[in-house]
Amino acid sequence: MVNWFKNMFAGKSANADDSPLGKPEPRPDPYRIETVDDLWNHIAYVRGYAPNHFKEEDFLLPEEQMTLDRAFKLLDDGIDVAYPEAAFSQKRVELRDALSRALQAYRAGDEIAGATILQDDFEDRIFKT
């Protein structure tokens, strides 16, 4: 505790080992897809902000900010939320292929193609029969 106090007045960052409470608990991921509604909302969010227009949130640490890779990882997580059953394994493969193609388009700078693939080949296949 004494080192923490000295560091505070010396302008140094506190060492977690010096904290009276021990090491801090890791923060939970602020983004997650737990329901089909979460997935629906996240698809719209990605289409609105991908590839590089994600807003910086002042309440998140720099490593917690949304990125294109994080956005697509969440979409991939959503596939298992929407179709967890073994009977849908082929559908999951097809949906992951659509995500891969959309991500490639976004990375290549083709926002229109990325958004179109995301809507027509991913969103429509998840939410329409």
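FYI, the numbering just counts along the sequence from 1.
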N/O donor-acceptor pair under 3.5 Å between S100 side chain and R96 backbone: no

Stepwise side-chain contact (heavy atoms from CB on, under 4.5 Å) test for F127 and L39: CA-CA 10 Å; F127 296 109; L39 178 58; 4.3 Å; yes

Listed partners of R101 passing side chain to side chain contact (heavy atoms under 4.5 Å, CB included), at least two apart: D97, A98, I117, D121

Of L103, L99, I33, the residue whose pairing with D76 passes side chain to side chain contact (heavy atoms under 4.5 Å, CB included): L99

Candidate pair M66 and Y49, rule side-chain contact (heavy atoms from CB on, under 4.5 Å), full reasoning: CA-CA 10 Å; M66 185 57 69; Y49 293 104; over 6 Å; no

Minimum heavy-atom distance between F122 and L75, given as atom pair plus value: CZ-O, 3.9 Å

Closest non-hydrogen atom pair between A50 and L68, with its separation: CB-CD1, 3.9 Å

From N52 atom CG to R107 atom CZ, the distance as rounded to the nearest 0.5 Å: 13.0 Å

Parallel, tilted or perpendicular, as decided by the 30° and 60° cut-offs, for the rings of F54 and Y45: tilted

4.5 Å side-chain heavy-atom contact, R70 and E63: no

I112, CD1 atom: more than 12 neighbouring heavy atoms under 6.0 Å: no

Rounded distance [0.5 Å steps], CG in D124 versus CG in L118: 10.0 Å

Sidechain-backbone polar pair: R92 side chain, D80 backbone, donor-acceptor under 3.5 Å: no

E64 side chain near E57 side chain, heavy-atom distance below 4.5 Å: no

Sequence neighbours excluded, every pair satisfying salt bridge (Lys or Arg N to Asp or Glu O under 4.0 Å) that has a member inside residues 33-51: R32-E34, R47-E123

Any donor-acceptor N/O pair, E56 side chain to Q65 backbone, under 3.5 Å: no

N/O donor-acceptor pair under 3.5 Å between Y83 side chain and I126 backbone: yes

CG on D77 to OH on Y31, rounded to 0.5 Å: 14.5 Å

Which atom of G114 lies closest to which atom of A102, heavy atoms considered: O-CB, 3.7 Å

